Colleague: 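Can you read through this structure? Questions will come right after.
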Amino acid sequence: MQTQKQTWEQQQSQVQRLKNSESIGYGESPTREDKEEEMSRSALTTFRAKEEEIERKKMEVREKVQAQLGRVEEETKRLAEIREELEALADPTRKEVALVRKKIDAVNRELKPLGQSCQKKEYKEALDAFNEKNKEKAQLITKLMELVSESERLRMKKLEELSKHIDSLR
């Protein structure tokens, strides 16, 4: 199977042979034909050189694209890992907070009847029990606030670490 270049070269060669045979018959100088043939060869050589240069540059661009794709894949993996860490960043004290909240709810349920019994004249005992439960509730709320603050501090620290890691990827 012939390429277009080969076909074109054969046609040029045939044209040159015809010119050579005709020009000898008409008395034209062979040097002029040689010059024309040389010009044709020169044009063909230039054409080939340009085609080779285009192919070489195309390969360079292809290699650069592949290198960039490799870097993009690495960065995508790193970002996916960071996203997974971020999504997994759960409240480290979640269970403790839930337990304290349940205790607060239980104390609130116990406080209601104590408050009602204070109104029924069982005042001294009920007041002591009511005050005790209020004190317990206040302590639990204080503990809850401490847990929530600590949890927020830990999560903020982790988020800052993840943010720095993302910035270092740039």
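Quick caveat: nothing in here was measured; it's all calculated off a predicted structure. When a residue number appears, it is its place in the shown sequence, counting from 1.
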Colleague: At what distance, to the nearest 0.5 angstrom, does CD1 of Ile104 lie from NZ of Lys137?
Modeller: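 Answer for the CD1-NZ pair, Ile104 versus Lys137, is 8.0 Å.
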Colleague: If you round to the nearest 0.5 Å, how far is CD of Glu38 from OG1 of Thr45?
Modeller: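 Rounded to the nearest 0.5 Å, the OG1-CD separation comes out at 8.0 Å.
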Colleague: Find the distance between CD (Glu150) and CG (Leu154) and round it off to the nearest 0.5 Å.
Modeller: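 So the CD of Glu150 and the CG of Leu154 are separated by 4.5 Å.
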Colleague: Among the clusters formed by ILVMFWY side chains lying less than 4.5 Å apart, do Ile82 and Met156 turn up in the same one?
Modeller: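 Result: yes, single cluster for both.
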Colleague: Ion pair present between Arg78 and Glu75, side-chain N to carboxylate O less than 4.0 angstrom?
Modeller: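 A salt bridge links Arg78 with Glu75.
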Colleague: With the side chain counted from C-beta on, respond yes when Gln68 and Arg71 share a heavy-atom pair under 4.5 Å apart, and no when they do not.
Modeller: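 They are in contact (side-chain heavy atoms under 4.5 Å apart), so the answer is yes.
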Colleague: Are Leu99 and Leu147 grouped together when hydrophobic residues (ILVMFWY) are joined by side-chain heavy atoms under 4.5 angstrom apart?
Modeller: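 No, Leu99 does not connect to Leu147 through the hydrophobic network.
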Colleague: Nearest 0.5 Å, please: how far is CZ in Arg83 from CD1 in Ile166?
Modeller: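 Ile166 atom CD1 to Arg83 atom CZ measures 10.5 Å (nearest 0.5 Å).
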Colleague: Taking the side chain as every heavy atom from C-beta outward, state whether Arg155 and Glu152 have any atom pair closer than 4.5 Å.
Modeller: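 Touching, per the 4.5 Å side-chain cut-off.
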Colleague: How about Glu96 and Lys143: do any of their side-chain heavy atoms sit closer than 4.5 Å?
Modeller: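 The answer is yes; the side chains approach within 4.5 Å.
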Colleague: One thing to verify: whether Lys157 and Glu160 come together as a salt bridge, which I'm taking to mean a side-chain N less than 4.0 angstrom from a carboxylate O.
Modeller: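 Looking at Glu160 and Lys157, the cut-off is not met.
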Colleague: Determine, using the 4.5 Å side-chain heavy-atom cutoff (strictly less than), whether Leu79 and Leu162 are members of one ILVMFWY cluster.
Modeller: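 The answer is yes; both residues are in one hydrophobic cluster.
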Colleague: Without swapping roles, check the side chain of Ser149 against the backbone of Met145 for a donor-acceptor pair under 3.5 Å.
Modeller: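 Yes; at least one donor-acceptor contact below 3.5 Å.
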Colleague: Is there a continuous path of hydrophobic side-chain contacts, each under 4.5 Å between heavy atoms, that joins Val61 to Leu69?
Modeller: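 Result: yes, single cluster for both.
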Colleague: Measure across Leu140 and Val100 and return the closest heavy-atom pair with its distance rounded to 0.1 Å.
Modeller: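 Residues Leu140 and Val100, closest heavy atoms: O-CG1, 3.4 Å.
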Colleague: Hey, mind stepping through Glu55 and Lys58 against salt bridge (charged side-chain N to carboxylate O under 4.0 Å, His left out) and telling me if it holds?
Modeller: CA-CA 5 Å; Glu55 283 298 316; Lys58 200 159 63 168; 3.5 Å; yes
Colleague: Output the distance between atom CD (Glu52) and atom CZ (Phe47), rounded to the nearest 0.5 Å.
Modeller: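 Taking CD in Glu52 and CZ in Phe47, the distance rounds to 10.5 Å.
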Colleague: So, taking the atom named NZ in Lys133 and the one named CG in Asp128, what distance separates them when rounded to the nearest 0.5 Å?
Modeller: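 CG of Asp128 is found 13.5 Å from NZ of Lys133.
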Colleague: Is Ser163 reaching over with its side chain to a backbone N or O of Leu159, donor-acceptor style, under 3.5 angstrom?
Modeller: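 Pair absent, no side-chain N/O of Ser163 close to backbone of Leu159.
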Colleague: Closer than 4.0 angstrom, basic N to acidic O: yes or no for Lys64 and Glu60?
Modeller: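 Between Glu60 and Lys64 there is no salt bridge, as every charged N stays at least 4.0 Å from the carboxylate O atoms.
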Colleague: Using a 4.5 Å cut-off on heavy atoms from C-beta on, say whether the side chain of Thr142 contacts that of Glu146.
Modeller: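 In contact.
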